[in-house]
Amino acid sequence: MKNYKNKILIGIGLITLVAAAACRKSEKFPVDKVSGIYIFDPRDSAGTQALKYLLNVYSVVEIGHNRVGGDYLDAASDDAVSSSPGGQVTILATAGYTAIDLPANENVWSSTNSTNTANYWNGIRSATEFMAGIDVVPVKDFVAPNGKINGIGVSTRYIWRNEARLLRAYFYFELVKRFGGVPLLGDKVYNVNDNIALPRSSFADCISYIVSECDKAKDSLITAPLINPAQDNYRVTQGAAMALKAKVLLYAASPAFNNPSGGNSNPLTGYPSYSASRWQLAATAASQLMAIGNYSLDPNFKNIFLTQNDPEVIMVRTANGTNPSNNVESNNGPVGFGSAVAQGRTSPTQELVDSYPMSNGLPITDPNSGYDPNNPYNNRDGRFYATILYNGAPWLGTTLQTYEGGISKPNNGQTETLTSYYMCKFMGPQTTSNFQGHDEDWVIFRYAEIKLDFAEARNETDGPVDSVYQQLKDLRLRAGIAPGADNMYGLTVGMTKDQMRAVIQNERRIEMAFEEQRYFDIRRWGIASTVMNQPLMGMSITNSNGNLTYNLIQVLQPKFVAPKMNVYPIPYDEVLKNPAIGQAHQNPGWSF
């Protein structure tokens, strides 16, 4: 058998169902090896083995916490740097990769590990195999009433099949947003004798396919609220299908792929001509999800990431199930706190800190904002305090010291903040001396993102109309920003489309920080070459008898080569395995 068949043919014969470290006790991902003949068993009326296999498909979905070489992907953007430089995110941030050595945890095309969670082609193969085999399993259960279609209960088997379909669409999108067009395999389960030297499909065809798969799956998935929240919070829903569709269409409409200056010269990495209608499709998809009324903003921003079955969460990847954990704190919390040992891996940049407005909603650069450079962390947007730890912030019953020589910036050679800031998003409650365990599920889609998707797309089609303003007002209200006498929450009346675009991009930045959004947003917006070719800054704070002095310092010189780095190169080992993908079909600007 030729080498290029290896990836797609994983799973033929004995199918290994691997353990997923992140699972709940009541719905474990499979831990045993099961022969393929028993998975789709016509005698298994409970569908026990088939369900185990479906859960294995779920296990391919990545958990974002410290995912990339021990760091958050956002540390490869202008929002943060790794406190331990030289790792995978630093390579990504400084353009230190090629088709031969793409950092492993971002090489979701061909990387492998013990649980197959780094390779989305494994997930696509497994999902397709499940869809092909589940029809022979006589699962007796029907879902009602929430799962009814036209008043008729829906077969659990049919719902499972479409869960696999949606997961497969999600895996395709994760590939397309990184690599551009990929081979589309459809519903065929390829065998060893099939010719699977398949060429890459165009970007346009990939987008159309993913959207159509979302539409096919949507109406036969369980709805939100979930039927059994205690056990089913990981399962994809109708809302997840609609959220994925909205996001796919938003990416497709974005400048990197839908170039308003003309077209994309390579059909593998975008559309050959610009169309404003793509923004309208994205706006419509987001508005349709908002209209179903099953989701709402959680009044408490911190709760979104700590509470299972939160009303804002649309799709989630379970991390520690019902077992409380404090891995986020241990990996990213401030150093210097005795028994509360932490590594401080993530150092937010001054650029991110400065992007948060004041509590009146005005940017810190506005002379009317009330910003005081001698007290820079007072009276800021509530999301700032839920995301960033700064000098003087409350922590473990005391106040944080990130000035030079302070408890959490001792400058003694250990890993510590490089910027005088630590990340605190996703972190749970504390005692006076240690961390408390909490849920650490990874939120993939949430309602705030859908509101931002709608605002961005609607602004591009119709300008800053009232419905665009309203999405931002809703988010700012939740963040604790004062409405002001004009009830505008710090927003300017009568903005132009360009002005509103800048506001929406900044609102997305601060709302979605560290949720694997910024890294891809700056690429799809076409601004990465601007923000990633200038020094990233931090703050050096000196303490002289209680008098603090703040000085900007450079912490990293990133690099971005436009436009080729809007997408990754196709990995070299994949070209060796598939002769239909060669240098002629490599992404523009990349070589082997």
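All values below come from the heavy atoms of this structure, side chains included, with hydrogens, waters and symmetry mates left out.
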Quick one: side chain to side chain donor-acceptor pair (under 3.5 Å) partners of N162, sequence neighbours excluded?
R165, S220
When you check the gap from the basic side-chain N to the acidic O, do D453 and K247 get nearer than 4.0 Å?
no
Step by step, would you call Y251 with D521 a side-chain contact (heavy atoms from CB on, under 4.5 Å)?
CA-CA 9 Å; Y251 268 68; D521 282 342; 4.2 Å; yes
Using salt bridge (Lys or Arg N to Asp or Glu O under 4.0 Å) as the criterion, list what pairs up with K473, not counting sequence neighbours.
none
Please tell me if the side chains of D441 and N233 come closer than 4.5 Å, counting only heavy atoms from C-beta onward.
yes
Counting N and O atoms only, with roles assigned by atom type, does the side chain of N331 sit under 3.5 Å from a partner on the main chain of G70, one being a donor and the other an acceptor?
no
If we ignore hydrogens and angles and just use 3.5 Å, is the side chain of N105 paired with the main-chain N or O of V68 as donor and acceptor?
no
So which heavy atom on L418 is nearest to which on S347, and how close?
N-OG, 3.0 Å
Among residues at least two apart in sequence or on other chains, which ones pass ring pair (Phe, Tyr, Trp, His ring centres under 6.0 Å) with F454?
none
In terms of ring plane angle, is the pair W442 and Y72 parallel, tilted or perpendicular, where the classes change at 30° and 60°?
tilted
Salt bridge (Lys or Arg N to Asp or Glu O under 4.0 Å) involving E456 - partner list, sequence neighbours excluded
R524
Any carboxylate oxygen within less than 4.0 angstrom of a Lys/Arg side-chain nitrogen, looking at R446 and E511?
yes
Contacts of N551 meeting side chain to side chain donor-acceptor pair (under 3.5 Å) (sequence neighbours excluded), chain-then-number -> none
Set of side chain to side chain contact (heavy atoms under 4.5 Å, CB included) partners for S433, sequence neighbours left out
T431
Looking at Q401 and I407, would you say the former's side chain and the latter's main chain have a donor-acceptor pair under 3.5 Å?
yes
Is the backbone N or O of Y120 less than 3.5 Å from a side-chain atom of E174, with the two atoms forming a donor-acceptor pair by type?
no
Can you name the nearest heavy-atom pair linking V335 to A342, along with the distance?
CG1-O, 3.5 Å
Would you please name every residue forming a salt bridge (Lys or Arg N to Asp or Glu O under 4.0 Å) with R380, sequence neighbours left out?
none
I553 vs V555, test: side-chain contact (heavy atoms from CB on, under 4.5 Å). Steps then yes/no.
CA-CA 6 Å; I553 57 170; V555 293; 4.3 Å; yes
Which residues satisfy the side chain to side chain donor-acceptor pair (under 3.5 Å) test with T542, sequence neighbours excluded?
none
For T307, the side chain to side chain contact (heavy atoms under 4.5 Å, CB included) test, sequence neighbours excluded, returns N303, D310
Please enumerate all residues that pass ring pair (Phe, Tyr, Trp, His ring centres under 6.0 Å) together with Y377, with sequence neighbours excluded.
Y390, Y421
Can you list the residues that meet the ring pair (Phe, Tyr, Trp, His ring centres under 6.0 Å) rule with F301, with sequence neighbours excluded?
F305
For E507, what residues pass the salt bridge (Lys or Arg N to Asp or Glu O under 4.0 Å) criterion, not counting sequence neighbours?
R383, R476
Atom pair CG/CD of L536 and Q557 - distance to nearest 0.5 Å:
7.5 Å
